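Small disclaimer: the values here were computed from a predicted structure and weren't measured.
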Amino acid sequence: MGREAILKSVKANRPEVLPLPEIDVSAFKEDINLIERFKNNITLVGGNIIEANKGAIDSPIKESYPDKTRIVSTTDKSSLGTVTVDKNMDPHNLETVDLAIIEAELGVAENGAVWVSAKDSIVRVLPFITNDLVIILKKDSICLHMLEAYDKIAKRDRDFGVFISGPSKTADIEQCLVVGAHGAMSLTVLLV
C-alpha cells in the first residue's frame with residue numbers, strides 16, 4: 001500500500017467529530033494565596049525560588065550562580081549576558097552555555113509550571129541546552145490552574161511555547177532519579 005493509498009484510506013475512515021466537553025471552570029476556584037502555592041510547588045518539583053525587586057535582579061542571580069561565565073540573557077531586566085543570541089543562529093553554538101536568563105509570560109500555582117514562548121527564549125533550544133536556567137516571572141502573572149493558563153495562551157501566535165516545571169529530571173524503573181537528563185540541571189524562578 002503506497003503513501004497516497006494510506007492517506008486516502010485515513011481520510012475515508014475518519015471518526016465522527018465530537019464536541020469538546022463543557023467544563024464548569026467555577027468548580028475549580030479556590031481561595032488560596034497564589035504566590036505561596038506557586039512557591040511551594042516550584043520547590044516540590046525541584047526548582048528554586050527567589051523573590052527580588054524588579055530593578056535589582058542581577059545580584060541574587062550572581063549570588064546563586066557565582067561561577068557562571070557563559071551566560072545568555074534574553075531579557076533587558078538583566079545585564080549579565082556574555083553570549084549574544086538571535087533567532088537565526090545555529091543552536092549548536094549554544095552547547096557551552098552555563099546559564100540562561102529568560103522571562104516567562106505566566107506561572108501556574110497548581111503545579112509550579114511557567115509558560116515560556118519563542119519570544120522569551122529567542123532560540124527554542126535555549127531553556128534545554130543550558131546547564132542552569134533562571135526564569136523571571138512577574139508575581140501578578142501567576143494563575144490558579146492549567147485551565148486558566150490555557151485560556152490565557154489561547155490567543156497567542158501559534159509559534160513555539162512550552163510549560164517548564166522544575167529542572168530536567170527522569171527516573172528509571174529502579175527509581176534512580178537523574179536531574180539534568182535532558183535539559184537544565186537547575187531551575188530558579190525569580191519572582192519580581
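Glu110 contributes a side-chain N or O that, together with a main-chain N or O of Met146, makes up a donor-acceptor pair within less than 3.5 Å. In this structure, Asp86 contributes its side chain and Met89 its backbone to a donor-acceptor pair below 3.5 Å.
With Leu99 as reference, Val134 is the one residue of Val134, Thr188, Val83 to meet the side chain to side chain contact (heavy atoms under 4.5 Å, CB included) rule. For the side chain to side chain contact (heavy atoms under 4.5 Å, CB included) test with Glu36, the passing option among Asn33, Leu34, Ile32 is Asn33; the others fail.
With sequence neighbours excluded, the residues that form a ring-ring contact (aromatic ring centres under 6.0 Å, His included) with Phe163 are Trp115, Tyr150. For Glu22, the side-chain contact (heavy atoms from CB on, under 4.5 Å) criterion is met by no residue, not counting sequence neighbours. Every side-chain contact (heavy atoms from CB on, under 4.5 Å) that Ser79 has, sequence neighbours left out, goes to Asp58.
Rounding to the nearest 0.5 Å gives a distance of 9.0 Å between CZ of Phe38 and CG of Asn111. Summarising the geometry, atom CD1 belonging to Ile61 is positioned 5.5 Å from atom CD1 belonging to Ile136; distances are rounded to the nearest 0.5 Å. Interatomic distance, Leu44 CG to Arg37 CZ, rounded to the nearest 0.5 Å: 11.0 Å.
Taking hydrophobic clusters as Ile, Leu, Val, Met, Phe, Trp and Tyr residues chained together by side-chain heavy-atom distances below 4.5 Å, Val192 does not share a cluster with Ile35. By the rule that hydrophobic residues join a cluster once side-chain heavy atoms approach within less than 4.5 Å of another member, Val123 and Ile164 end up as members of one cluster. Linking Ile, Leu, Val, Met, Phe, Trp and Tyr residues whenever their side-chain heavy atoms come within less than 4.5 Å leaves Leu106 and Ile142 in two separate clusters. Under the 4.5 Å side-chain heavy-atom criterion for ILVMFWY residues, a single connected hydrophobic cluster contains both Leu191 and Ile135. Ile153 and Val162 fall into different hydrophobic clusters, defined by Ile, Leu, Val, Met, Phe, Trp and Tyr side-chain heavy atoms under 4.5 Å apart, directly or through other members.
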Problem - Worked check of side chain to side chain contact (heavy atoms under 4.5 Å, CB included) between Thr82 and Lys68 - result: CA-CA 10 Å; Thr82 61; Lys68 303 301 177 182; over 6 Å; no
Problem - Ile129/Glu95 under side chain to side chain contact (heavy atoms under 4.5 Å, CB included): CA gap, chis, key distance, verdict - result: CA-CA 6 Å; Ile129 201 166; Glu95 68 182 336; 4.2 Å; yes
Exercise for the section: Assess whether side chain to side chain contact (heavy atoms under 4.5 Å, CB included) is satisfied between His145 and Glu30, documenting all intermediate values. Expected result: CA-CA 10 Å; His145 47 63; Glu30 292 181 70; over 6 Å; no
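Taking 4.0 Å as the cut-off between side-chain N and carboxylate O, Lys8 and Glu4 do not count as a salt-bridged pair. No salt bridge links Glu105 with Lys152; every basic N to acidic carboxylate O contact stays at or beyond 4.0 Å.
Checked by atom type, the side-chain pair Asp120/Ser117 shows a donor-acceptor distance below 3.5 Å.
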